[in-house]
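Just so you know, these numbers come straight off a predicted model, no measurement behind them. Values reported hereafter were calculated over all heavy atoms of this structure, with side chains retained and with hydrogens, waters and symmetry mates removed.
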Amino acid sequence: MTDTAIRLLLEFDDQVRRDREQPPTFLHRRDRKYAMDCHKRGITPSPRHWLAHLARLSGQAGKSSADAALGTWRHIMMGFILAGSAFGVVTMLGLLFYEGGQRINVTVILAVAFLQLLLAGVTTLQAFAGWQPWRPLLTRFSDQRSNAVLRKLQPQLMARAAHVGGLAFGTCGLLTLLVMVVVQDLAFGWSTTLNTDSHRFLGLVQAISAPWHWLWPTAVPDASLVETTRFFRAQAGAITLNPARLGDWWPFVAMVWAFYVLLPRLVLAIIADGHLRFRASRLLKRHPGLTAWQYRMETPALETGNAHNDAEHQPDTSTNSQLKPLPESDTVICWAGAGEPELPDALNGPDTLVLRAGGRASLQDDTITLAKAADHLAHITRPAVIVVTRGWEPPTGELQDFLQHAREQWPRASHVAVVPLTTSGLDEPPAHQLQQWLRFTERLGTDFACVSLPPLLPQNPYHQREQ
């Protein structure tokens, strides 16, 4: 009996579990390439061929991951075989045990044979029904980390192991019977406590012998044998027939054992193995990984040449520019109404030159502002200008043009500090508002413009409590 179907199922399940650690793009490209290669070579893709292909690529051809998973069941089957062989020998020796004046009761042998037939039928039924009365025992002694797919095959695996064990039981019992027939002078007979006459017992044994009456007529008891070999325990030693006839039952006993113990186990073991392979093939066809594998082979993969997918990435809005300390300057330009109605105290000193530009101011007014600032800066060793803006408004192209003209007209060493203010002028603008001004000054050139914040006054705690 081979475990080809089970091995294929276990190896496929193991490969699917290992593929979960790989990126989907890699799996798609790998399996799509495999499908295209099969198409060129005229090969129909199959899980078995796919696993062999992956094994060759990984350099692990010939190694099977199913060996470890099936190791426990090999031990269980071997245990059933050894136990069945031992019980077969012991059982037959017990059935054939007799003392000198006693006969071996054929009725007991028939009962044991049909009990084995009943057990074989129950074993097959529990496998098809999925009933596992032995599961607590198996769970206690088996590896708790056993494969989940293999656990679904436990009824069929156990049925196969039981039938193989029963086959060993029947084989060893039959061999023991033949050996005992050769080495001993066995005296058979039949007896029962029930009030059964010889005709009824003859009908019973001839019905039992029906399968082989054409094959071995000698193994079918006749009326004289049944009539003369009935014995009663109280009549021990009162034998009046030919003693040689007492041994004529052994062909019948051997055929009963072969047809009702050995042959059913052989047939049911083959059925159990077929059921096991059918069950494994069905689980493979319903495996979730099989559908995903087929989809990857049938769906073309879009090769962009870049394995990195940045579709979900957000644009980088960070800037390398940082806030700089507020320079010492007595020139402040309020852009587009910023700083109204009054500038923060840190920006408005008694000697501060406050100019206005942008917004409602005309271009001529902006030119005049640039000229006044240029004249003022011409007399300063380290010229610096503070441009106050509204922090919540985005930088405009008009402001950029104004500062570019200023860079052309003002002294070469002039430096501009853009100060974005909040509506109250007392708080620090939020980070997202500062970022837009940092990017703006970065475009102008950090050696010319930067972003600074004025020293903020401590907030009034009573004002916060009111809010």
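- Residues Val220 and Ser209 approach most closely at CG2-CB, 3.8 Å, considering heavy atoms.
- Nearest heavy atoms, Leu177 versus Ala254: CD2-CA, 3.5 Å.
- Not one N or O on the side chain of Trp257 forms a donor-acceptor pair closer than 3.5 Å with the backbone of Ala113.
- Considering CZ of Phe114 and CD1 of Ile208, their distance stands at 4.0 Å, rounded to 0.5 Å.
- Relative ring orientation between Phe278 and His275 is described as parallel, the plane-to-plane angle staying below 30° on a 0-90° scale split at 30° and 60°.
- Looking only at distances, a side-chain donor or acceptor of Tyr34 sits under 3.5 Å from a matching main-chain atom of Trp50.
- Rounding to the nearest 0.5 Å gives a distance of 6.5 Å between CZ of Arg279 and CG of Leu153.
- Atom CG of Leu150 and atom CG of Asp13 lie 10.0 Å apart (nearest 0.5 Å).
- Taken to the nearest 0.5 Å, the CG atom of Leu284 stands 9.0 Å off from the CZ atom of Arg48.
- Using a 3.5 Å distance cut-off with no hydrogens or angles, the side chains of Trp249 and Thr229 do pair a donor with an acceptor.
- One N or O on the side chain of Ser452 and one on the backbone of Lys324 form a donor-acceptor pair closer than 3.5 Å.
- In this structure, Phe87 CZ and Phe80 CZ are separated by 11.0 Å, a value rounded to the nearest 0.5 Å.
- Contact check for Arg265 versus Gln116: side-chain heavy atoms found under the 4.5 Å cut-off.
- Panel note: side chain Gln436, backbone Gly391; a donor-acceptor pair is recorded below 3.5 Å.
- Checking Thr91, Val89, Leu95 one by one against Leu93, the side chain to side chain contact (heavy atoms under 4.5 Å, CB included) holds for a single residue, Val89.
- Using bins of under 30°, 30° to 60° and over 60° for the plane-to-plane angle, the ring pair Phe252/Trp212 lands in the tilted bin.
- Within the model, atoms CG of Leu268 and CG of Leu119 stand 11.5 Å from one another, a figure rounded to the nearest 0.5 Å.
- Residues Ala258 and Leu174 come closest through the heavy atom pair CB-CD2, 4.4 Å.
- Without hydrogens or angle criteria, Thr299 side chain to Arg296 main chain gives no donor-acceptor distance under 3.5 Å.
- Remark: Arg74 CZ is packed, more than 12 non-hydrogen atoms of other residues, nucleotides or ligands lying under 6.0 Å away.
- Distance alone, capped at 3.5 Å, is enough to place a donor-acceptor pair between the Trp190 side chain and the Val226 backbone.
- One N or O on the side chain of Gln156 and one on the backbone of Ala127 form a donor-acceptor pair closer than 3.5 Å.
- In this structure, the side chain of His28 does not engage the main chain of Thr25 through any donor-acceptor pair within 3.5 Å.
- No hydrogens or angles considered: a donor-acceptor pair under 3.5 Å links the side chains of Arg18 and Gln15.
- A salt bridge does not link Lys33 to Asp37: none of the charged side-chain nitrogens sits closer than 4.0 Å to a carboxylate oxygen.
- No side-chain heavy atom of Thr107 sits less than 4.5 Å from a side-chain heavy atom of Ser191.
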